[in-house]
Amino acid sequence: MGRQTPHADHSEGDEQLLVARSQRGDVPAFNQLVERYQDSAYGLALRMLGDPELAADVTQDAFVSAFRAVERFRGGSFRAWLLRIVSNACYDQWRAARRRPTMSLELVAGDDHGEAAHQEPHDSFIDDRWNPEATALRGELIELISRALLQLPPEQRLAVVLSDVQGLAYDEIAEVMQTSLGTVKSRIARGRSHLRDLLRTHPELLPSRYRRASEMG
Amino acid sequence: MSIDQIEHRHDWESQRERLSAYLDDQLSDAENAELTAHLATCERCGAELAELRGTIRLLQALPQPARPRSFAIPEGARAVHVASARRTLREPPASASPRWARVAQWAGTVAASVGILLLLGTALSGALMGGNERAASMPAAAHSSTTQNNTRYGTADRSATPTVSAPASSATAYAAAGQATTAPRSADTPTPATNNQPGNTFATHASPAASPVDGRAGLEITGAALLALGALGFLFGRRARSRTR
């Protein structure tokens, strides 16, 4: 799947050693951690911000901040700690964007459009039997999903990206977002159904379209 | 919207949350069994579940975006990383300025205020009391800063005028500011930096009395020096902070 958790290929003890060395100012040790998590960190920044250049700047800044703050890391999931720094850096960007009127408002706006799904819950259009491992997503579909993600309110977006794009467990997401499991659960659920509503606007791009609707005529 | 509809909507929201958690295997055994039984009969929830599952699969199938470069931090990053990294950002977070600069600006403001108070105090007491009763009626802070002044001139060049001593004083301000971030000096080292902490240091010194006239001149010089030092600390701090923006 390509989104195995990094813990699967690296031992915890190895990571603890690298963290301990980083805490003593060992830059090469810290850079091994960077190596390990930079795809994840950049992926999160990009999914949150939507702009590759900005995401790269934010990721770089987050790693620098992380190195400065690593002395204060007190155990737990290093990945969660790091991704929290990345997501905070993204929020800083939005705060800055709010002060700049040129930036698209949809990046900061966030209201719940859950209504549409509520009215027509039977109009199923995404085929859950479709197997993503067998089929690569087409470019325009990737584009559609990416844009839809950017339309989610930031907290739902963060929860959904961490859960479904990055494959983090609920407790790790709670660590990243500094919130309770219940809140994580509800943000993921709302984010998913919100996203489903957004994808619904372009059924022609989805792997299986109008399955039910066409059956019914 | 009627009460019924609101309640219905609320129920549907929590049902969706259950379905989402169900897909992540986050329900208790009891909840799980209950929902499984419900799904066997409820078409609407079945359809919702299928859509949620499809949405998750789409997200899971998103390719990992190509990273534009390595984010390894440079060797020797500890010394230079803050300013350089901040500069590459379009706009840094509000807390971007180094702590010493904030402390310098703050300490400078305090020092300058104390200096102004000292100058005003000596001028006022000189005018009101002709300098005779001054030593007895002086406020404690001004009184003990005579000592502070003596200490300074004991350790530094006695002949230094306020203007000349200003650059050295600004170094003192940096030293005081630096204490917050760098290794704290050992407590028994006599350091001019501690003179910059007006509240406690000034008050705790017992004052071996200087002669009234010397004391008055000393107070004025101290006031002027503190004012200059404070202004410098403030300006340097502010410049360092604005440079990081």
Side-chain angles (χ1 to χ4, degrees), chain A residues 1-3 25 27-28 30-31 34-35 38-39 41-43 46 52-54 56-61 63-64 67-68 89 92 95-96 114 117-118 121-122 124-128 130 132-133 136-137 141-142 145-146 160 163-165 167 170 185-186 188-190 192-193 195-196 199 206 212, chain B residues 5 8-9 12-27 43-78 80-82 84-86 88-96:
Chain A
M1 281 265 272
R3 51 185 89 253
V27 175
F30 184 77
N31 279 337
V34 172
E35 180 76 24
Q38 58 184 352
D39 283 327
Y42 175 72
L46 183 63
E53 198 192 322
L54 186 58
D57 280 354
V58 164
T59 307
Q60 185 68 76
D61 185 55
F63 276 118
V64 170
F67 182 64
R68 252 188 320 166
D92 285 341
R95 259 174 240 129
H118 175 223
H122 294 281
S124 182
F125 67 104
I126 301 174
D127 187 351
D128 66 320
W130 171 72
E133 286 169 65
L137 294 186
L141 180 54
I142 293 171
I145 301 167
S146 308
V160 164
S163 153
D164 296 340
V165 181
Y170 277 40
K185 196 158 94 175
S186 119
I188 291 175
R190 275 158 52 218
R192 282 170 178 167
S193 71
L195 192 75
R196 183 266 319 272
L199 295 178
L206 297 168
R212 259 168 184 284
Chain B
Q5 281 174 309
H8 181 63
R9 186 184 167 192
W12 182 238
E13 290 255 329
S14 57
Q15 181 66 357
R16 271 207 304 230
E17 200 173 306
R18 254 191 300 275
L19 290 167
S20 168
Y22 175 80
L23 289 171
D24 294 327
D25 209 10
Q26 292 287 320
L27 295 180
E43 201 188 341
R44 185 189 189 190
C45 285
E48 179 74 14
L49 188 73
E51 285 199 357
L52 280 179
R53 189 181 283 137
T55 305
I56 293 169
R57 288 193 177 167
L58 282 173
L59 287 166
Q60 287 174 337
L62 275 180
Q64 179 90 261
R67 172 164 51 76
R69 57 175 189 260
S70 164
F71 295 112
I73 61 173
E75 284 287 346
R78 210 165 257 289
V80 294
H81 57 247
V82 184
S84 59
R86 290 294 181 200
T88 64
L89 274 178
R90 284 159 203 195
E91 190 162 346
S95 61

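Residue numbering restarts at 1 for every chain, and letters A, B, ... go by the order of the sequence lines.
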At a 4.5 Å cut-off on heavy atoms, which part of A:Q38 comes close to chain B: side chain, backbone, both, or neither?
both

If we ignore angles and hydrogens, is there a donor and acceptor under 3.5 Å between the side chains of B:T55 and A:R192?
no

What residues form a ring-ring contact (aromatic ring centres under 6.0 Å, His included) with A:F30, not counting sequence neighbours?
A:F67

Sequence neighbours excluded, which residues qualify as salt bridge (charged side-chain N to carboxylate O under 4.0 Å, His left out) partners of B:R18?
none

Among the listed options A:V160, A:L46, A:I188, A:V34, the residue most often paired with chain B at heavy-atom distances under 4.5 Å:
A:V34

Against chain B, label A:I142 side chain, backbone, both or neither, depending on which of its atoms sit under 4.5 Å from a heavy atom there.
both

Winner by heavy-atom pair count (cut-off under 4.5 Å) against chain A, out of B:L23, B:L52, B:I56
B:I56

Evaluation steps, side-chain contact (heavy atoms from CB on, under 4.5 Å), between A:D164 and A:L195:
CA-CA 12 Å; A:D164 296 340; A:L195 192 75; over 6 Å; no

